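Working notes for the structure below.
Keep in mind the model is a prediction, meaning the values are calculated, not measured.
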Amino acid sequence: MATRKAGRKAKTLAMAQLNESLADELSLTCHFSSEEIKALLYTYDSLVVTGKLDRLRFRGFFYSCFELTDDLMLDLIFRAFDQNGDAMVDASEFIKGLSVMIRGDAEEIIEFCYFVYDMNGDHSLGREELEQCLKGCFFPGYGLDVDELEDAERDIVDIAMKKLDINRDGVITFDDFRTAVRRDPLLIQACGPCLVSPKSISRFLFTVTWDYRAYTSELFDTTDTSRKSKSRASRLSSNHSSHSDKLN
């Protein structure tokens, strides 16, 4: 029994040291601090206790944490995270992907969205890809029959093509997409919901970011209320920026 406990303790210590080393390394290239990455790695470790972070586990994580429910979009986001194409997301890929989705700058977010929408990887978006990406955004009901739903889908695809295909050559290149989004930031998710809402980001960062933990501790501290209220407001305003704000 003692030997088993010692083995578990040694394994835990080794994992902690490995995570600390990885956190320091990733903090040089990601938008998270080393301490935040350690917390994210703890989350990752809890996700892979029963197996690798494959497509289905990845879906479950994004569904529960970020309220993204479109299966096709989740699979395309998984492909964007899985940079080496081995059908699983390792710890480094997990941190790097979240870094872009949660704190990426305008260029990173535009590149990420375009990569997600580019289903066949040919560096151009055709009408067929837009139809597939947008199909999950429509559901029967509200007085629409199947034929009317198909008409609505075609209309939305037509609008997306018109807005995003800048040079009118029938395909949306990355330059087309970037130019269109720079002109109108609301077009960033014109081909489907692949970004996380500011509300979901705030809720998730609450578990990994010191600022959010400090904010909650202040909620229960009644001393110098006016000063702390101003401090909380300033911190929240800096953290609750939307993706469209980054693109302006």
Side-chain angles (χ1 to χ4, degrees), residues 11-12 14-32 36-104 107-126 128-137 172-174 177 188-189 191-197 200-201 204-205 207-208 243:
K11 184 177 179 180
T12 302
M15 183 175 292
Q17 291 174 339
L18 181 63
N19 282 352
E20 184 169 353
S21 175
L22 182 59
D24 291 340
E25 178 185 340
L26 290 174
S27 67
L28 300 176
T29 56
C30 294
H31 300 294
F32 294 119
E36 289 170 339
I37 293 174
K38 289 176 188 176
L40 288 169
L41 289 173
Y42 180 83
T43 299
Y44 178 84
D45 290 340
S46 69
L47 291 172
V48 297
V49 168
T50 58
K52 297 177 180 179
L53 189 55
D54 57 12
R55 180 172 54 85
L56 293 179
R57 286 192 180 89
F58 186 87
R59 272 191 195 179
F61 169 72
F62 265 76
Y63 179 82
S64 61
C65 284
F66 299 126
E67 298 179 347
L68 291 176
T69 59
D70 186 318
D71 286 345
L72 175 61
M73 280 293 118
L74 288 172
D75 288 346
L76 293 175
I77 293 170
F78 174 81
R79 180 176 64 92
F81 271 62
D82 180 20
Q83 297 176 357
N84 61 7
D86 63 353
M88 59 162 283
V89 172
D90 62 31
S92 294
E93 292 169 337
F94 182 73
I95 302 300
K96 291 175 182 177
L98 288 177
S99 172
V100 172
M101 287 193 77
I102 292 177
R103 289 186 176 160
E107 189 66 17
E108 287 175 319
I109 291 173
I110 291 172
E111 289 179 1
F112 175 81
C113 290
Y114 189 82
F115 185 87
V116 168
Y117 298 143
D118 186 14
M119 297 176 66
N120 59 12
D122 64 351
H123 306 293
S124 67
L125 303 180
E128 297 79 10
E129 286 168 300
L130 264 63
E131 289 174 350
Q132 288 297 316
C133 288
L134 290 167
K135 188 175 288 292
C137 299
I172 303 166
T173 64
F174 176 71
F177 186 76
I188 187 65
Q189 296 190 89
C191 303
C194 65
L195 293 176
V196 182
S197 71
S200 294
I201 289 175
F204 179 71
L205 287 179
T207 66
V208 300
H243 295 294

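A 4.5 Å side-chain heavy-atom check between F177 and I188 finds at least one atom pair inside the cut-off. Two residues are said to be in side-chain contact when any heavy atoms from C-beta on lie closer than 4.5 Å; V89 and R55 fail this criterion. Inter-residue side-chain proximity for I201 and R103 is flagged as unmet; no heavy-atom pair is nearer than 4.5 Å. For the pair F94/L41, no side-chain contact is recorded, criterion being any heavy-atom separation below 4.5 Å from C-beta on.
The backbone N or O of L68 lies less than 3.5 Å from no partner atom in the side chain of Y63, so there is not a single donor-acceptor pair. A side-chain donor-acceptor contact under 3.5 Å links E93 to the backbone of Q83. Side chain of E129 to main chain of G126: a donor-acceptor pair is present (N/O by atom type, distance under 3.5 Å, no hydrogens or angles). At least one donor-acceptor pair closer than 3.5 Å links the side chain of R79 to the backbone N or O of F115. Judged by distance alone, the side chain of D82 and the main-chain N or O of D86 form a donor-acceptor pair under 3.5 Å. In this structure, Q189 contributes its side chain and L195 its backbone to a donor-acceptor pair below 3.5 Å.
Smallest separation of non-hydrogen atoms from K38 and A23: CG-CB, 3.7 Å. The two residues A91 and L22 make their nearest non-hydrogen contact at CB-CD2, 4.0 Å. What you find for V196 and F66 is that their closest heavy atoms are CG1-CD2, 3.3 Å. Closest approach of D70 to C133, counting heavy atoms only: OD2-O, 4.4 Å.
Taken to the nearest 0.5 Å, the CD1 atom of I37 stands 11.0 Å off from the NE2 atom of H31. One finds the CZ atom of F204 at 13.0 Å from the OG atom of S197 (value rounded to the nearest 0.5 Å). Between T69 atom OG1 and R59 atom CZ the span is 11.0 Å, to the nearest 0.5 Å. Atom OG1 of residue T173 and atom CG of residue D122 lie 11.0 Å apart, to the nearest 0.5 angstrom. Here the CZ atom belonging to F62 is positioned 5.5 Å from the CG atom belonging to L98, to the nearest 0.5 angstrom. Summarising the geometry, atom CG belonging to L53 is positioned 7.5 Å from atom CE belonging to M88; distances are rounded to the nearest 0.5 Å.
A cation-pi arrangement, defined by a distance under 6.0 Å to the six-membered ring centre and an angle within 45 degrees of its axis, is absent between R57 and F78.
Using cut-offs of 30° and 60° on the angle between ring planes, the pair F81 and F112 is perpendicular.
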>> Using the rule given for side chain to side chain donor-acceptor pair (under 3.5 Å), can you reason through S92 versus D90, listing the C-alpha separation, both sets of side-chain angles and the distance that settles it, and then say yes or no?
In response: CA-CA 6 Å; S92 294; D90 62 31; 4.6 Å; no
> ring pair (Phe, Tyr, Trp, His ring centres under 6.0 Å) between Y44 and F61: does it pass, once the steps are laid out?
Replying inline: CA-CA 10 Å; Y44 178 84; F61 169 72; 9.4 Å; no
> Taking it one step at a time, do V100 and E108 satisfy side-chain contact (heavy atoms from CB on, under 4.5 Å)?
Replying inline: CA-CA 6 Å; V100 172; E108 287 175 319; 4.1 Å; yes
>> side-chain contact (heavy atoms from CB on, under 4.5 Å), that's the test. Do C194 and Y117 meet it? Break it down for me.
In response: CA-CA 9 Å; C194 65; Y117 298 143; 3.5 Å; yes
> Which is it for M101 and I109 under the side-chain contact (heavy atoms from CB on, under 4.5 Å) test, yes or no, and what are the steps along the way?
Replying inline: CA-CA 7 Å; M101 287 193 77; I109 291 173; over 6 Å; no
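Under the side chain to side chain donor-acceptor pair (under 3.5 Å) criterion, S99 pairs with no residue, sequence neighbours left out. With sequence neighbours left out, E67 forms a side-chain contact (heavy atoms from CB on, under 4.5 Å) with S200, R203.
D118 pairs with exactly one of L76, I172, L125 by the side-chain contact (heavy atoms from CB on, under 4.5 Å) rule, that one being L125.
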